[in-house]
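Computed from heavy atoms alone, side chains included, the values below leave out hydrogens, waters and symmetry copies. Naming convention: chains lettered A, B, ... in sequence-line order (proteins, then strands); numbering from 1 in each chain.
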Amino acid sequence: MKRTISVTVNGKVRRESVEPRLLLVHFLRDVLRLTGTHVGCDTSQCGACTVSMNGLAVKSCTILAVQADGAEITTIEGLARDGALHPIQAAFREHHGLQCGFCTPGMIMAAKQLLERYPAPTIEQIRDQLDGNICRCTGYHGIIKAIEAAARAMAEKGQAPTTGS
Amino acid sequence: MFPASFDYHKPGSIEEALELLTTLGADVKLLAGGHSLVPALKLRLTQPKHLIDLAGIAALKTVAVRENRLVLGAMTTHWQVESSPVVKAALPYLCEVAGLIADPQVRNRGTIGGSLVNADPAADYPASILALDAEMVCVGRGGRRIVHARDWFQGLLTAAIEEHEILSEIRIPLLPPRTAATYLKLRHPASRFAVVGVAAIVTVTQDQRCAEVRIGITGVGSCAKRAGSVEQQLVGHRLDATRIEAASAAACDGLEIDGDMHFSAEDKEQLCRTYVRRALLRTMHLAESGAFQPTRNAP
Ligand code: FES
Ligand code: FES
């Protein structure tokens, strides 16, 4: 039996009727056509599908869309403001935090939570907090540099890391 | 991967959930954080007709200290345990354990109740639940039942919960004075599950003798177990490296350890003994430096 859910995605309320077995990632990609969130492993390992749900980074391949009923979701599409990249996005571009870009939306959504929890992270904290994200291209150094740079940029601007959510 | 079809129910109270659990028939699964169940649904290892989502039940989300016990609602997530000021003040050891589970995204969703009911042989919490001598509160329509940790883990993916019951809370007795605690884990490099995980909780006397010790082991057997033979060799003694080494030789007693695709049985036995020894050494190091867990109130 289908259920009607109402989810606020990137600030917009979306009401849709969905099958209970529909995964959140497919709701985002196939129903709402927000294809920035990727499916990598489909088995809760790689983090490519990471989105923010009620302020927490979650793997949307491991959540049913019905579980997100009433939730606030931010996807990678919701980070830029008025055409300006979010500081984490800008830092990834600047510091070679990506090559093919497949893992990048998930990395950035994980980095966003990381900087909310640890605004001035050590390298160990960055590595530890990215444990749920796998990149097959960069060897991670660029990603870590980008996150360090984003932390500095956000601190300088006095910008709350939550900007964009 | 897509799960097979099912109907979804989201009750607002334990009573309502129990009602659904008894009326919907046998083909029902309870959904907690969903980080074991949703993958199993996707792989179609399980295809229930009905899912009852427990996320709407506020009573399952308690985090409190009551009567010298830390009370955790079954729906408390790993991140909540990791970051809770209540847990940090009462039993910081458990914050550390929760912070070692899986990865941050999984910790945001996975719950202690889900983990304990699922009883995965490589889950982290079970070792500590045993070593902390916790109690599980199970509610059914006939009332509630308390199951002690030593009776909870019954075998591979089998916990002592009945078909029409819901695990509502976990009660963890706070520790006596002069108690140190360690959870030491060899993380599987890909899955982050425990290849072996050892929880060691030791209470020492003023002259550093072991007054009480409980050791829980997860990862190597079909379910988590206490290391009873090791414990027996420690109580009453000063725990120096020699005594710890000798006692740890018995770490695999009573554990049926089989090899798997990653490790042979011998390798796992060796790892188990090594991790028990190291966990005890670290705990004694903490005890000697006075790094004890907070103490329960005097009765
Ligand atoms: S696609 Fe969700 S974790 Fe890999
Ligand atoms: S940039 Fe290609 S997978 Fe990470």
Gap separating the OG1 atom of Thr62(A) from the CG atom of Leu37(B), nearest 0.5 angstrom
11.5 Å
Salt-bridged, Arg187(B) to Asp131(A), with N to O below 4.0 Å?
yes
Should the heavy atoms of other residues, nucleotides or ligands under 6.0 Å from NE2 of His262(B) be counted, would the total exceed 12?
yes
Met1(B) backbone acceptor or donor facing Asp42(A) side chain under 3.5 Å:
yes
Is His141(A) atom NE2 crowded by more than 12 heavy atoms from other residues, nucleotides or ligands, each under 6.0 Å away?
no
Any side-chain heavy atom of Lys10(B) within less than 4.5 Å of one from Asp69(A)?
no
Enclosure of Lys29(B) NZ (heavy-atom neighbours >12, cutoff 6.0 Å):
no
Considering only heavy atoms, which portion of Leu43(B) lies under 4.5 Å from any heavy atom of chain A: side chain, backbone, both, or neither?
neither
Can you tell me if Arg93(A) has over 12 outside heavy atoms packed within less than 6.0 Å of its CZ?
no
Separation between CZ of Phe6(B) and CG of Leu64(A), rounded to the nearest 0.5 Å
4.5 Å
Per-residue tally against chain B (heavy atom, under 4.5 Å) across Lys2(A), Gln45(A), His26(A), Glu19(A) peaks at His26(A)
For Gln113(A) and Pro104(B), which heavy atoms make the closest approach, and how far apart are they?
NE2-CB, 3.8 Å
Are Leu23(A) and Val38(B) close enough that some pair of their side-chain heavy atoms sits under 4.5 Å apart?
yes
Considering only heavy atoms, which portion of Met109(A) lies under 4.5 Å from any heavy atom of chain B: side chain, backbone, both, or neither?
neither
Salt-bridge present (Lys59(A), Asp103(B); N to O < 4.0 Å)
yes
In this structure, CG of Asp7(B) is separated from CZ of Arg3(A) (nearest 0.5 Å) by 9.0 Å
Between Thr43(A), Leu22(A), Ile63(A), the one whose heavy-atom pairs under 4.5 Å with chain B are most numerous
Ile63(A)
Would you give the length of the straight line joining atom CZ of Arg21(A) to atom CG of Leu41(B), rounded to the nearest 0.5 angstrom?
11.0 Å
Value rounded to 0.5 Å, distance of CZ in Arg109(B) from OG in Ser44(A):
12.0 Å
Quick one: are Asn133(A) and Gln105(B) in side-chain contact, heavy atoms under 4.5 Å?
yes
Select one option (side chain, backbone, both, neither) describing which atoms of Asp53(B) are under 4.5 Å from chain A's heavy atoms.
side chain
Could you tell me if the side chain of Arg117(A) sits less than 4.5 Å from the side chain of Trp79(B), heavy atoms only?
yes
